[in-house]
Every structure is written in structure tokens, then in C-alpha cells.
Amino acid sequence: MIQSGTTRRTLGLGAAMTLAAGLAQAAPDAASYPALMQGNGCTSCHAISEKIVGPAFQSVAQKYAGDKDAVASLMQSIQNGSRGKWGRIPMPPHANLSQAELKELATWVMTQRP
């Protein structure tokens, strides 16, 4: 069967859209991160399920699971930075964040599950 150029382009576009949809499902969507996290560079060093420079958010949640002070501890680590908890590379401080923003980030991290 001979296809016209328009039909081939339509089929090609459909295949590209299907591939893009599959890739979007395979990797965590950027929309799954709070805007605050994206705006403060958290996703430059952390991902949901894999270590980049810092630990995966799921690993952090797992480490602090069952700790009643987990959110407060994470708030301090985010605000003041941390050193030696996850290896040799320190986490820089984010002293410009408000207490409400720190709590939003720490609470979100604690909701991540493998």
C-alpha cells in the first residue's frame, strides 16, 4: 500500500507521541516535585528513587521512618546543610527558606516510598 506524505507524517507523529508518553511514565515527572524544590535546586542533587549527588528522597524517608522527630531533623538539615550523614559530599545550607517552606519540603520528603 502506498501512503501519502501526509499519512506518513501523521503515523510518525503518532509514534513519537506514543514514545514520549512511555518515557514520561518511566521517569518521575518534574510536576511530581514541589515547585519550591525545583526553585531551590534540590533536584540538582536529589532524585526520587536514585542517588545523584545526594541520597534519593525515598532513601531519606526510609532512613527516618519511625522517627517522630524526622520532619524537624530534616528541616534542620535543609536549613543548615549537613555533613557526613550520607557520605563525604556535604549538603549546602538553604538558610533563605522560611520555616513554612522548610516544613513543606521535609514533609514531602517523608511521604516518598519505594
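If you read the sequence from its start, that first residue is 1, and numbering goes on from there.
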(request) Not counting sequence neighbours, which residues clear ring pair (Phe, Tyr, Trp, His ring centres under 6.0 Å) with H46? List them please. (result) F57
(request) Using the test side-chain contact (heavy atoms from CB on, under 4.5 Å), find all partners of I89 that sit at least two apart in sequence or belong to another chain. (result) V53
(message) So I48 and Q112, do their side chains get closer than 4.5 Å, heavy atoms only?
(response) yes
(message) A side-chain contact here means heavy atoms from C-beta on lying under 4.5 Å apart; do I52 and C45 qualify?
(response) no
(request) Check S73 against Y64 and note the closest heavy-atom contact, atom names and distance. (result) CB-CE2, 4.2 Å
(request) Would you indicate whether the side-chain heavy atoms of N40 and N96 approach each other to under 4.5 Å? (result) yes
(request) Determine the minimum heavy-atom distance between M75 and A106, stating which atoms define it. (result) CG-CB, 3.8 Å
(request) Taking side chain to side chain donor-acceptor pair (under 3.5 Å) as the test, write out the residues that go with T111, two or more places apart. (result) none
(request) Not counting sequence neighbours, list each pair that qualifies as a side chain to side chain donor-acceptor pair (under 3.5 Å) and has a residue in residues 50-59. (result) none
(request) Could you grab the distance from atom CG of L36 to atom CG of L105, nearest 0.5 Å is fine? (result) 4.0 Å
(message) Set out, in order, the CA-CA distance, both residues' side-chain angles and the distance that settles side-chain contact (heavy atoms from CB on, under 4.5 Å) for I78 and V109, then state yes or no.
(response) CA-CA 11 Å; I78 296 167; V109 168; 5.6 Å; no
(message) Which heavy atom of A70 sits nearest to which heavy atom of M110, and what is that distance?
(response) CB-CE, 3.8 Å
(request) Please tell me if the side chains of E104 and P34 come closer than 4.5 Å, counting only heavy atoms from C-beta onward. (result) yes
(request) Quick one: list whatever passes side-chain contact (heavy atoms from CB on, under 4.5 Å) with T107, sequence neighbours left out. (result) V71, K103
(request) Return the minimal non-hydrogen interatomic distance between A56 and S49, and the atom names on each side. (result) CB-C, 3.5 Å
(request) Keeping to residues at least two apart or across chains, list the side chain to side chain donor-acceptor pair (under 3.5 Å) pairs with something in residues 78-90. (result) S77-K85
(message) Using side-chain heavy atoms (C-beta onward) and a distance below 4.5 Å, is S98 in contact with E101?
(response) yes
